[in-house]
Every structure is written in structure tokens, then in C-alpha cells.
Amino acid sequence: MSYKFGKLAINKSELCLANVLQAGQSFRWIWDEKLNQYSTTMKIGQQEKYSVVILRQDEENEILEFVAVGDCGNQDALKTHLMKYFRLDVSLKHLFDNVWIPSDKAFAKLSPQGIRILAQEPWETLISFICSSNNNISRITRMCNSLCSNFGNLITTIDGVAYHSFPTSEELTSRATEAKLRELGFGYRAKYIIETARKLVKDKAEANITSDTTYLQSICKDAQYEDVREHLMSYNGVGPKVADCVCLMGLHMDGIVPVDVHVSRIAKRDYQISANKNHLKELRTKYNALPISRKKINPELDHIRLMLFKKWGSYAGWAQGVLFSKEIGGTSGSTTTGAIKKRKWDMIKETEAIVTKQMKLKVELSDLHIKEAKID
DNA sequence: TATCGACCTGAGACC
DNA sequence: GTCAACAGGTCGATA
């Protein structure tokens with residue numbers, strides 16, 4: 001099927017699809033090897049309904065091509081949406097030249113490789129990163145796709161691949177159970193997902209808000225970062241790392257550095273950051289009034305987050321993204337040029353095939369039950 | 001309040 | 001075919 005793509009001029013050093021869509025920020029973009037294009041479902045602008053969005057990058061002419069399938073209307077609306085999604089208001093070149101290189105020698109050896117932080121939907125970000133604990137990218141991707149195909153709504157089918165919405169908190173609480181999620185391979189995260197969805201439904205009702213997006217955005221209103229993180233950590237399965245990922249990628253808090261084992265290693269090895277007794281004492285005092293933070297936050301890692309913010313400034317989260325890609329390059333399949341190895345379309349098709357088979361089995365089983373009931 | 005083991009699963013390294 | 005001082009954490013029991 002051929003579509004009429006819109007076009008957006010963008011230098012590859014400012015945006016590299018391979019480096020941002022499959023490098024562990026977002027887990028629902030599918031890469032089609034043959035057509036060299038990416039697709040996913042997303043809500044465009046303020047719309048509540050999902051559309052299938054297809055992207056491809058004409059690297060020679062430095063053009064991003066985009067189309068929303070089934071959405072006959074507004075290419076301009078999609079263009080505006082994508083500019084926000086990719087945060088194209090932020091210039092990586094400017095950050096390198098004027099912010100990071102002057103304050104950090106490590107950046108002088110690097111160049112922008114189109115690695116930027118996405119502005120993702122906060123609910124999807126929350127659930128995706130709950131899935132990320134103790135896990136690897138390919139399995140998180142499979143889990144997110146499994147959530148959509150099992151509990152989301154069918155949007156459309158293109159070339160034999162079914163595209164679904166990401167299930168809302170209500171859809172998850174009404175359609176999924178911990179047992180079902182465990183059956184689908186979520187392991188111990190099954191409980192976290194169900195409990196988080198239930199709490200969000202309750203929180204929204206109390207705030208008289210219907211949309212997951214609107215609710216999670218509302219907790220930032222007139223709130224300090226520490227309070228937003230405290231709120232996010234009130235959900236089961238959400239610790240400081242996951243909360244910080246939601247702040248950075250779902251709630252546009254560009255200065256937040258999620259500290260995991262890799263960032264912690266970078267901080268100690270390359271910046272000799274380590275907390276002394278006074279630092280730790282100060283942080284414990286700081287979180288005295290926040291019961292969840294007091295319980296869940298590791299002061300040593302929090303010290304690293306603060307020191308990196310001090311070093312890199314208000315876009316510290318973006319700087320972390322750049323160094324992180326470089327750090328894990330060798331272990332997560334990136335190439336020497338910094339491009340993250342793309343995952344195969346085949347894998348998604350395989351997931352689809354499994355889901356279709358499961359659905360077929362369910363239909364057969366229910367037919368069998370009907371027959372048995374008739375015999376009875 | 002600090003520490004530490006348990007938790008699901010499977011890609012990928014190794015033989 | 002097997003296996004793990006895995007892998008982008010979090011929770012809860014214990015001392």
C-alpha cells in the first residue's frame with residue numbers, strides 16, 4: 001500500500017530514528033526492514049483516539065517523512081505533533097556547543113548523533129518502565145506489544161499486522177488480571193501493572209479526571225519535582241529509577257537523570273562522583289517529610305543524580321541519554337557509528353502470530369464449551 | 001534504617 | 001544445549 005507522506009527537513013545529527021526509537025526510550029515502534037520505515041499507534045495532539053503513524057528517514061536528503069494511516073485529515077496536525085514528540089524545539093548542536101562541551105570535556109570527543117529525549121505519553125511511559133525492571137529491551141518491547149494486542153483496542157490492520165491502542169488504566173483493570181499477565185510472561189511485574197492501573201483509576205476518580213494522560217500531567221501542576229516523584233513512587237513497582245524515567249520522558253522534566261547501574265558506573269568512573277557522610281545526611285533530612293521517598297530513595301544514587309544535574313544543567317537528562325547510548329553501545333547491539341541495531345519486523349510478526357494463535361485457541365475453546373453446554 | 005535475597009524470563013555467550 | 005557475581009529495579013523480610 002502506498003501513502004502520501006508529509007515531509008520535514010531535519011538533519012540526521014539532530015534526529016536519528018534508529019537511535020531514538022529503538023534505544024530503550026520507547027518500546028512500541030516497529031521497524032520494517034524491507035520498507036525501511038517505522039510504525040506505531042499514537043494519539044495525535046489532543047485527540048483521545050489512536051492513529052497508526054508511519055515514519056521514514058531520507059538520510060541522503062535529511063528529510064523525515066511521515067503519514068498517519070486512515071487519518072485523511074490534517075497532515076499539519078501530525079507534523080506539529082511529531083515536532084513536539086521529537087522535541088524539535090531543542091537543538092542538540094546548541095546543547096553540545098554551548099552547554100555540555102564548555103562544562104564537560106567528555107562531550108568534546110563526541111558529536112550529536114541524533115540522540116534526543118522523546119516527549120512520550122506519560123501513562124504508557126509509566127507502564128513500559130514498570131516492565132523494564134530487571135529486564136532487557138527486546139523483552140520489554142514484546143511485553144508492551146503484548147499489552148496492546150491483548151488488552152488494547154484494534155485500530156486497523158496493515159499488511160497483515162494488527163495495530164492496537166495502548167490500553168488505558170480502565171481497560172487494564174477490566175480486561176487483565178495478574179494471572180493473565182503472568183501467563184503472558186510478565187513475571188513478577190504482573191502484580192505491579194494491575195495494582196498501578198487500579199490505583200490510577202481510583203486517583204483519577206478522586207480528582208474527577210477521566211484521562212490517564214491528563215491526570216498524570218496534572219500532578220506536575222504547581223508541584224516540585226520531589227513531590228511529583230513522591231507521587232509516582234506511590235504506585236507499586238515504581239521506584240526512583242522508574243519514576244525518574246517517567247519524569248524525563250513522560251513529563252518533560254529535561255533536567256532529571258534516571259540513575260541506573262550504568263549511569264552510576266559512568267558517574268563513579270568518569271566523574272569520580274561519590275557521596276560523603278554529609279551529603280547522605282543532608283539528603284536523608286531533605287526526604288524526612290516525604291515518607292515514600294524516605295523509604296524508596298537510595299541517597300547515594302540520588303547524590304549522583306544531583307551532581308550530574310549540577311554538571312550538565314537543565315538538559316541533564318538529555319546529556320545522560322547521549323552518554324548512556326555510548327556506554328551501552330557494545331552490549332545492546334549498536335554499531336560503531338553509534339547507530340543502535342534495529343530490531344526485526346519478523347519478531348513483531350512472530351508476536352502477532354502467537355497472539356492470533358492464542359485468540360484462535362480461545363475461540364475454539366469457547367466453541368467447545370458451547371457445544372458441551374448444549375449436550376448437557 | 002540499612003542490607004540483602006527473591007523475583008520472571010529468555011537473548012546471547014559459551015561449550 | 002546449557003546457564004548466569006545475566007539484564008536499564010523493586011519489594012519486603014530481617015537484624
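Lettering of chains follows the sequences in order, A, B, ..., and the numbering in each one begins at 1. Just so we're clear, the structure is a prediction, and the values are computed from it rather than from any experiment.
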Nucleotide opposite dC8(B) in a Watson-Crick or G-U pair, distances under 3.5 Å: none
Assess the residue pair R189(A) and N134(A) against the criterion (side chain to side chain contact (heavy atoms under 4.5 Å, CB included)); give the C-alpha distance rounded to whole Å, side-chain angles, the decisive distance to 0.1 Å, and a yes or no. CA-CA 10 Å; R189(A) 304 163 197 86; N134(A) 223 357; 4.1 Å; yes
Under 4.0 Å from OP1 or OP2 of dT9(B): is there any side-chain N or O of N136(A) that close? no
L323(A) has an atom CG; how far is it from atom C1' of dG8(C), in whole Å? 15 Å
If we count only N and O atoms by modelled type, under 3.5 Å, do the side chains of Y271(A) and D104(A) hold a donor and an acceptor together? yes
So what does V242(A) hit on the nucleic acid, given a heavy-atom distance under 4.0 Å: a base, only sugar-phosphate, or nothing? sugar-phosphate
Could you label the plane-to-plane angle of the H81(A) and Y85(A) rings as parallel, tilted or perpendicular, counting under 30° as parallel and over 60° as perpendicular? parallel
Below the 4.0 Å mark, does dA11(B) have OP1 or OP2 next to a side-chain nitrogen or oxygen of R142(A)? yes
Could you run down the sub-3.5 Å N/O contacts of the protein with nucleotides 1-3 of chain B?
residue : atom : partner : partner atom : Å
dA2(B)  : OP1  : R284(A) : NE           : 3.1
dA2(B)  : OP2  : R284(A) : NE           : 3.4

When you get a sec, tell me which of dT10(C), dG12(C), dG10(B) is the closest nucleotide to the side chain of K241(A)? dT10(C)
Please verify the inter-ring angle class for W100(A) with F107(A); under 30° counts as parallel, over 60° as perpendicular, anything in between as tilted. tilted
State the pairing partner of dT3(B); accept Watson-Crick or G-U wobble contacts with both distances under 3.5 Å, and report none otherwise. dA13(C)
dT2(C) - base-pair partner by Watson-Crick or wobble geometry, distances under 3.5 Å: dA13(B)
Of the listed dG9(C), dA11(B), dG12(C), the closest approach to the S138(A) side chain comes from dA11(B)
Distance, P atom - from dG5(B) to dT9(B), rounded to whole angstrom: 22 Å
Knowing that exactly one of Q37(A), R56(A), K4(A) qualifies, which makes a side chain to side chain donor-acceptor pair (under 3.5 Å) with E65(A)? R56(A)
Can you tell me the Watson-Crick or wobble partner of dG8(C), both distances under 3.5 angstrom? none
Of N236(A) and C245(A), the one whose closest DNA chain C nucleotide lies more 5': C245(A)
What's the gap between dA6(B) and dC6(C) when it is taken at their P atoms, as a whole Å value? 13 Å
Going hydrophobic residue to hydrophobic residue with side-chain gaps under 4.5 angstrom, can you get from L290(A) over to L280(A)? no
Considering the options E121(A), Q46(A), E48(A), E124(A), which one meets the side chain to side chain donor-acceptor pair (under 3.5 Å) requirement together with T213(A)? E121(A)
Let's go through D302(A) and R229(A) carefully: what are the C-alpha distance in whole Å and the side-chain angles of both, what is the deciding distance for salt bridge (charged side-chain N to carboxylate O under 4.0 Å, His left out) to 0.1 Å, and is it a yes or a no? CA-CA 12 Å; D302(A) 205 50; R229(A) 183 175 52 170; 2.8 Å; yes
Rounded off to whole Å, could you give me the CZ-to-C1' distance for the R229(A) and dG9(C) pair? 15 Å
For atom P, what is the distance between dG1(C) and dA5(C), given to the nearest Å? 22 Å
To the nearest angstrom, the CE-C1' distance between M143(A) and dC8(B) comes to 7 Å
Indicate, with yes or no, if the rings of F129(A) and F27(A) have centres closer together than 6.0 Å. yes
What is the distance, to the nearest angstrom, from the CD1 atom on I127(A) to the C1' atom on dG9(C)? 15 Å
Which of dG8(C), dG9(C), dT9(B) is nearest the side chain of F324(A)? It is dG8(C)
For nucleotides 5-7 of chain B, print each protein N/O atom paired with a nucleotide N/O atom at under 3.5 Å, atom names and distance only.
none

Of P258(A) and Y235(A), whose nearest nucleotide on DNA chain C comes first from the 5' end? P258(A)
Does D89(A) have more than 12 heavy atoms from other residues, nucleotides or ligands lying within 6.0 Å of its CG? yes
Could you tell me how far apart I137(A) (CD1) and dG10(B) (C1') are, to the nearest whole angstrom? 15 Å
Consider the side chain of V261(A), meaning its heavy atoms from C-beta on, and name the nucleotide among dG9(C), dA11(B), dC11(C) that approaches it most closely. dG9(C)
To the nearest angstrom, the CD1-P distance between I140(A) and dA7(C) comes to 13 Å
Nearest-angstrom distance, P atom, dA13(C) to dC8(B): 14 Å
Give me the distance, rounded to whole Å, that separates dC14(B) from dA7(C) when you measure between the P atoms they each carry. 12 Å
What I want to check is whether the side chains of D212(A) and T168(A) have a donor and an acceptor closer together than 3.5 Å. no
How many Å lie between NE2 on H262(A) and C1' on dC6(C), as a whole number? 11 Å
Classify K295(A) by what it touches in the nucleic acid, base, sugar-phosphate, or nothing, heavy-atom distance under 4.0 Å. nothing
Whole-Å distance, L184(A) CG to dG10(B) P, equals 11 Å
Should L308(A) and V261(A) be regarded as members of a common hydrophobic cluster, given that ILVMFWY residues are connected when their side-chain heavy atoms come within less than 4.5 Å of each other, either directly or indirectly? no
Answer with base, sugar-phosphate or nothing: what part of the nucleic acid does P240(A) contact at a heavy-atom distance below 4.0 Å? sugar-phosphate
